[in-house]
There are 2 protein chains.
Amino acid sequence: MTKKKVTIREIAKASGVSIATVSRYLNKVSYTSPETEKKIQKVLDEFNYTPNAIARGLAKQKSNTIAFITPDITNPFFPEMIKSIEHVAKKKGYSLLLINTKEEELNQKDFWNNLRSRYVDGFLLAQSELTSEIQDYLSQVNIPFVKIDRAVHAKENNTVSVNNFEGAKMAVNHLVDIGCKAIAHISGPKTVLTAKERLNGYLSAVEDLNLEPIIFEGDFSLESGKNITEAMLASNQNIDGVFYANDLMAIGALKTFAKQQVPIPQEIAIIGFDGIQLTEMVNPEISTIKQPVVEIGENAVTQLISLIEKPDETINRNVELNVELIVRESSRR
Amino acid sequence: MTKKKVTIREIAKASGVSIATVSRYLNKVSYTSPETEKKIQKVLDEFNYTPNAIARGLAKQKSNTIAFITPDITNPFFPEMIKSIEHVAKKKGYSLLLINTKEEELNQKDFWNNLRSRYVDGFLLAQSELTSEIQDYLSQVNIPFVKIDRAVHAKENNTVSVNNFEGAKMAVNHLVDIGCKAIAHISGPKTVLTAKERLNGYLSAVEDLNLEPIIFEGDFSLESGKNITEAMLASNQNIDGVFYANDLMAIGALKTFAKQQVPIPQEIAIIGFDGIQLTEMVNPEISTIKQPVVEIGENAVTQLISLIEKPDETINRNVELNVELIVRESSRR
DNA sequence: TTGAAAGCGCTAACAC
DNA sequence: GTGTTAGCGCTTTCAA
């Protein structure tokens with residue numbers, strides 16, 4: 001298989017046709033007579049030929065590669081999503097380039113020039129705050145892309161996200177359903193759109209229920225969940241239910257509750273948001289509003305590839321997927 | 001930047017030299033007179049030129065891309081490692097292709113042909129069982145690679161791994177140090193080399209200490225940690241210390257202990273292996289034998305790139321890094 | 001030190 | 001239907 005790299009030229013010679021014909025047959029573009037097809041196929045098998053992807057890329061200005069760009073691969077949210085993305089991409093003949101990059105880099109011409117020079121066909125932008133400068137590059141660079149995990153903004157296109165607002169309401173309503181009377185929200189950083197939407201969902205739900213809003217601002221990290229929860233307990237407001245803006249903070253909170261011997265869910269019921277696997281690994285298992293990560297990933301690549309392959313038929317769109325309430329020990333009583 | 005893709009030809013024309021000279025200057029191969037360099041550089045800046053990576057790839061038979069191949073991206077062990085790998089790779093001018101693939105696929109000619117046709121310069125093989133069939137492909141395909149997270153085998157080359165045997169001993173000795181008298185081991189699947197080494201380390205330590213070995217076989221999964229621990233408790237052997245072959249199983253065990261109200265570490269002290277972040281997120285935090293993931297990743301890429309760029313100067317080697325005992329609540333008393 | 005030109009392996013007009 | 005040929009954009013002999 002790997003002795004002499006065989007080229008299209010040798011296939012052509014061996015099957016007695018021109019390389020153009022072989023190329024046509026391989027790409028199934030325009031007709032080739034059944035007989036020649038047979039001949040070519042035979043030689044193809046015999047030589048175990050694989051077209052050179054790079055050469056093809058140069059000629060077609062296309063690499064059959066897409067990139068997944070994110071500032072933090074270690075986010076527990078991603079592995080599964082990346083897996084589903086890679087799966088779909090592979091099935092459609094694309095490879096996945098992984099780019100872990102901070103915002104600053106997205107601000108550099110070189111970054112985008114490099115993508116283009118590799119003929120990267122499209123990319124997925126996950127969890128990136130898009131400064132207007134970056135937006136400029138984005139529009140200049142002229143490579144299709146889809147945004148993931150961002151609030152669906154009226155002005156944005158090609159975004160796949162979830163219904164954060166509704167999810168937050170579901171969380172609050174669930175806590176009420178199990179009897180909570182004073183429900184606090186530990187929010188994410190105010191600068192993050194998804195965090196804002198979840199906060200708004202919380203506020204809306206609380207208002208509908210005629211409850212007092214109780215809000216503490218966290219930053220989505222485990223540590224912050226731990227610390228803010230401490231502060232919350234110290235504030236002494238008879239809170240009996242907490243909606244954490246993400247799972248990681250809820251997990252961090254568990255430590256504080258354990259240390260202070262607050263029984264969960266008996267005294268305080270809690271629920272997170274995201275649906276990362278971790279929520280099932282801790283004790284008690286944490287209720288959550290689960291995002292359909294796999295679906296998000298699949299949706300995003302599919303849209304991206306469609307954008308790449310039939311730009312004209314593909315309409316820009318904002319997909320907003322639904323979240324799901326998962327009730328576990330932390331809010332079961 | 002993205003208006004008209006500018007090529008080396010235009011740079012050449014604009015600076016009044018041949019494209020060969022521009023190419024030489026860009027690649028810093030052979031001398032070019034200072035004056036021409038000045039001229040070229042000026043034009044380069046002016047045009048904001050980036051060489052086309054694909055064209056360059058075709059000419060040099062090299063893509064400046066390496067692949068990370070693993071059967072399971074969602075392994076909590078990987079994100080951090082991948083991050084460090086991507087970081088080093090990027091610094092050296094390489095992009096990272098992520099390939100999540102089951103063993104069966106590695107058995108297919110097409111898989112390797114595809115890698116070659118893309119001129120992937122090298123790859124990292126993580127956590128893959130290498131059947132002899134795959135080994136055959138590996139040697140045929142003639143692309144440099146480095147194995148990660150495998151037991152360092154006398155017969156293998158270019159592997160980076162950790163000292164599983166010593167790590168296991170450290171774990172057992174630590175449990176003894178804090179007063180444990182009956183120490184069990186929940187092993188990994190016997191087919192996995194690292195699991196075997198850890199088991200051997202356990203056996204060796206126990207023997208040195210004149211203790212009775214108590215072994216249960218798990219499969220590295222959270223579930224198995226939970227279930228095997230149940231079985232272990234049921235077996236009623238007055239066990240007061242457990243060394244789990246990996247962290248995930250120890251985390252699963254925590255659930256069983258909680259359900260059965262076994263206080264950790266008071267009644268039973270436990271310790272895991274790997275050092276995944278999760279161990280700090282649960283309650284109690286779990287002691288572990290930490291593998292230097294970042295170092296592993298860095299070591300592996302560095303070796304790989306060296307293999308790619310100076311195959312003659314690079315000696316094959318098996319790197320065995322040291323693990324570290326991390327004492328946390330689960331074994332602190 | 002520099003330039004001309006022949007590839008790298010494939011695609012896509014264009015002609016027949 | 002099929003072949004010829006001119007690229008795709010860059011590297012690299014080989015001469016000069």
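Note that this is a predicted model, so its numbers are computed, not measured. Quick note: numbers below take in every heavy atom, side chains included, and nothing from hydrogens, waters or symmetry partners.
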### Query
Under 4.0 Å between a side-chain N or O of B:Y49 and OP1 or OP2 of D:dC10?
yes
### Task
Could you identify which residues of residues 50-63 of chain B place a heavy atom less than 4.0 Å from some atom of DNA chain C, listed by residue number, or say none?
B:L58, B:A59, B:Q61
Give every donor-acceptor pair under 3.5 Å between a side-chain atom in residues 96-104 of chain A and any protein atom, sequence neighbours left out.
from: A:N100; atom 1: ND2; to: A:T70; atom 2: O; distance (Å): 3.2
from: A:N100; atom 1: ND2; to: A:P71; atom 2: O; distance (Å): 3.0
from: A:T101; atom 1: OG1; to: A:E105; atom 2: OE1; distance (Å): 2.8

### Query
Which pairs, with at least one residue in residues 70-110 of chain A and sequence neighbours excluded, count as a ring pair (Phe, Tyr, Trp, His ring centres under 6.0 Å)?
A:F68-A:F78
### Query
Which whole-number value in Å describes the distance from B:R9 CZ to D:dG7 P?
9 Å
### Message
Counting only heavy atoms from other residues, nucleotides and ligands, does the tally under 6.0 Å from NZ of A:K28 exceed 12?
### Response
yes
### Message
How bent is the helix from C:dT1-D:dA16 to C:dC16-D:dG1, measuring the angle between the end axes built from five pairs each, rounded to 10°?
### Response
40°
### Query
Looking at DNA chain C, which of residues 13-28 of chain A put a heavy atom within less than 4.0 Å of it?
A:I19, A:A20, A:S23, A:R24, A:N27
### Query
Looking at B:K90 and B:E86, does any basic side-chain N land under 4.0 Å from a carboxylate oxygen?
yes
### Task
Walking along DNA chain C from 5' to 3', note the first and the last nucleotide with an atom under 4.0 Å from a heavy atom of chain B, and give both.
C:dT1 to C:dG9
## Note on the structure
Comparing B:S30 with B:Y119, nearest DNA chain C nucleotide closer to 5' gives the residue B:S30
### Summary
Between A:F123 and the options A:F145, A:Y137, A:F111, the ring-ring contact (aromatic ring centres under 6.0 Å, His included) test singles out A:F145
### Task
Look up atom OH in B:Y119 and atom CG in B:N64, then write down how far apart they are to the nearest 0.5 Å.
14.0 Å
### Query
Are B:D72 and B:Q127 linked by a side-chain donor-acceptor pair shorter than 3.5 Å?
no
